[in-house]
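Remarks on the structure that follows.
Lettering follows sequence order; numbering is per chain, from 1.
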There are 2 protein chains.
Amino acid sequence: MNTLLAHAVRQLREMILRGDLAPGQRVAEIPLAEALGMSRTPVRQALPMLAQEGLLAESGNRGYVVRGFSPADIADAIELRGALEALAARRVAEHGISRPILKELKKCLDEGDEILGERCLHEGDETAYADMNERFHRLIIEDARSEVISEALRRNSHIPFGGAQALAFDKTRLDDTYELLYVAHRQHHCIVEALERGQGARVQALMSEHAEAVKSSINLAQFALSHENVRRMRGV
Amino acid sequence: MNTLLAHAVRQLREMILRGDLAPGQRVAEIPLAEALGMSRTPVRQALPMLAQEGLLAESGNRGYVVRGFSPADIADAIELRGALEALAARRVAEHGISRPILKELKKCLDEGDEILGERCLHEGDETAYADMNERFHRLIIEDARSEVISEALRRNSHIPFGGAQALAFDKTRLDDTYELLYVAHRQHHCIVEALERGQGARVQALMSEHAEAVKSSINLAQFALSHENVRRMRGV
DNA sequence: ACTCTTCCAATTGGATCCAATAACCACTAG
DNA sequence: CTAGTGGTTATTGGATCCAATTGGAAGAGT
């Protein structure tokens with residue numbers, strides 16, 4: 001794509017998700033263009049794209065405002081991600097999981113076992129687990145071999161917690177996080193087992209539940225309203 | 001949104017889906033702008049949006065080409081729609097279906113019963129059924145009360161047969177169509193029954209299967225490759 | 001004092017202009 | 001005769017310009 005346009009889109013996405021632009025705030029083209037060091041043209045192309053992505057909303061009939069995400073939106077996004085990944089996983093099981101992917105998944109399991117082997121988390125463990133987690137989910141989605149599903153998931157990722165980074169870490173309570181990750185990783189084990197055995201319905205249910213666990217682990221009312229937290233999360 | 005930009009997006013979407021622009025063909029800004037009677041600016045904004053929607057693909061590092069949809073893409077889109085509507089239906093069942101929506105759904109059932117009461121289809125029946133079908137599905141999605149899910153479905157509709165009009169009518173074989181609609185309408189009855197009883201898991205399974213039926217009813221290999229057929233379908 | 005109307009300014013949206021780049025064609029050399 | 005190189009042309013992408021619409025502010029009238 002256009003270098004400048006692509007840059008503008010990426011940059012604006014980050015700014016919105018990080019909360020640099022507050023929800024409800026009007027986004028004006030000129031200051032934005034100045035902030036990004038380009039003319040109005042690329043940002044004028046970027047704004048409708050971001051509106052289409054759902055990050056901006058049309059403000060009356062003049063320009064756009066930053067769209068806020070309600071706790072319900074975030075919960076729905078997690079639920080939707082669960083359904084989409086569940087569908088992907090079922091397809092993998094039904095088509096028969098490919099050997100190299102299975103191998104990679106098992107490597108993810110080992111990594112997780114390693115991290116959680118101690119009875120508590122050390123510095124850097126969350127990041128390592130988050131990386132592994134992201135890889136785990138990505139592998140399954142890849143092996144579903146459906147561009148349509150991948151697209152839908154990619155779209156959903158634009159909502160806070162809608163993406164694979166949705167394992168929420170509240171750094172102030174590392175012990176709770178350990179319990180959370182422990183359960184999640186047990187689910188990973190079950191998922192791989194089901195995939196290996198070709199148990200489509202089972203893996204679909206497991207994957208839905210895997211997302212559901214994330215949803216209930218987040219104090220949505222608290223997190224959704226404060227963009228401070230969103231920023232902190234995404235830094236993980 | 002921008003009047004001209006919005007117009008360009010709608011118009012181009014139609015042109016692509018109708019096959020006026022053949023898959024793989026390069027889309028040039030200038031002739032497009034002339035065809036739509038506007039300057040390059042609105043179409044230049046529209047093209048990246050359509051690319052994001054998945055209707056266009058970036059051609060190397062210069063401009064866009066019309067994206068073609070493989071039979072697999074279309075099958076996946078139908079499957080995905082099934083999963084999304086199934087999720088929506090489950091939510092409705094679990095929250096408890098709202099009275100007015102239930103009433104409207106039953107009106108849809110009656111209409112369908114009326115149309116299918118005779119043992120064959122008459123002129124105009126397909127259109128009437130398609131309208132009712134579209135309304136039926138829209139009502140359920142509405143009552144799921146999730147903007148996130150609605151969005152995902154709207155996005156999916158951009159792929160041929162990904163939307164609610166996905167009941168494929170092959171006008172050359174009205175008798176086969178009758179059988180198809182008869183089965184689909186039986187499913188509608190079951191779905192409403194399950195919704196009324198709050199049977200979430202059942203309605204989820206039913207809705208998935210409802211989409212699956214559509215998928216297998218289409219000779220994908222035949223239809224997907226010929227845009228003539230897509231054009232004809234969407235005319236229904 | 002409050003409200004309504006009018007005017008001004010700012011910002012958006014559309015058109016045009018300019019530069020950079022990529023593709024195509026022709027010509028030349030091996 | 002073929003392949004490579006250079007040039008030309010066309011098209012994209014970015015910047016600027018212009019007009020139109022909207023929102024706000026100020027002033028006047030009730």
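- Between the P atom of C:dT12 and the CD atom of A:E58 lies a distance of 14 Å, rounded to the nearest Å.
- When the P atom of C:dT11 is taken as reference, atom OH of A:Y64 falls 17 Å away, rounded to whole Å.
- The shortest side-chain heavy-atom distance between B:I141 and B:E85 falls under the 4.5 Å cut-off.
- Rounded to whole Å, atom P of C:dG14 lies 13 Å from atom CG of A:L47.
- When the side chain to side chain donor-acceptor pair (under 3.5 Å) test is applied to B:E53, the partners found at least two apart in sequence or on another chain are B:R13, B:H158.
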### Task
Would you please test B:K215 and B:D76 for salt bridge (Lys or Arg N to Asp or Glu O under 4.0 Å) and show each step?
CA-CA 9 Å; B:K215 186 163 79 179; B:D76 289 355; over 6 Å; no
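- Atom-to-atom, CG of B:L5 to C1' of D:dA20 comes out at 17 Å; the value is rounded to the nearest Å.
- For B:E111, the side chain to side chain contact (heavy atoms under 4.5 Å, CB included) partners are B:M132, B:R135, not counting sequence neighbours.
- Ring orientation note: the planes of A:H137 and A:H188 are nearly perpendicular, at an angle over 60° on the 30°/60° scale.
- Between its two ends, the helix from C:dA1-D:dT30 to C:dG30-D:dC1 turns its axis by 10°, counting five pairs per end and rounding to 10 degrees.
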### Query
Which is it for B:R10 and B:E14 under the salt bridge (Lys or Arg N to Asp or Glu O under 4.0 Å) test, yes or no, and what are the steps along the way?
CA-CA 6 Å; B:R10 267 199 302 274; B:E14 273 300 307; over 6 Å; no
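- The interatomic distance linking B:L4 (CG) with C:dT16 (P) rounds to 12 Å, in whole Å.
- For B:H7, the side chain to side chain contact (heavy atoms under 4.5 Å, CB included) partners are B:Q11, B:M38, not counting sequence neighbours.
- The side chain to side chain donor-acceptor pair (under 3.5 Å) search around B:E147 returns B:R154, not counting sequence neighbours.
- Listed by first then second residue, pairs satisfying salt bridge (charged side-chain N to carboxylate O under 4.0 Å, His left out) with a partner in residues 31-46 of chain B read B:E29-B:R40, not counting sequence neighbours.
- The side chain to side chain donor-acceptor pair (under 3.5 Å) search around A:E94 returns A:R90, not counting sequence neighbours.
- Near DNA chain C, meaning a heavy atom under 4.0 Å from it, residues 33-41 of chain B has B:S39, B:R40, B:T41 in order of number.
- Residues satisfying the side chain to side chain contact (heavy atoms under 4.5 Å, CB included) test with B:S208, not counting sequence neighbours, are B:A86.
- For B:L56, the side chain to side chain contact (heavy atoms under 4.5 Å, CB included) criterion is met by B:I16, B:V27, B:L47, B:L50, B:A51, B:Y64, B:V66, not counting sequence neighbours.
- Between A:A77 and B:V148, the closest heavy-atom pair is CA-CG1, 4.0 Å.
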Give each protein N/O atom lying under 3.5 Å from an N/O atom of nucleotides 7-9 of chain C, with the pair distance.
none

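- Mapping A:R44 and B:G63 onto DNA chain D via the closest heavy atom, the residue that lands nearer the 5' end is B:G63.
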Nucleotide N/O of nucleotides 8-11 of chain D paired with protein N/O under 3.5 Å:
residue : atom : partner : partner atom : Å
D:dT11  : O2   : B:R62   : NH2          : 2.2

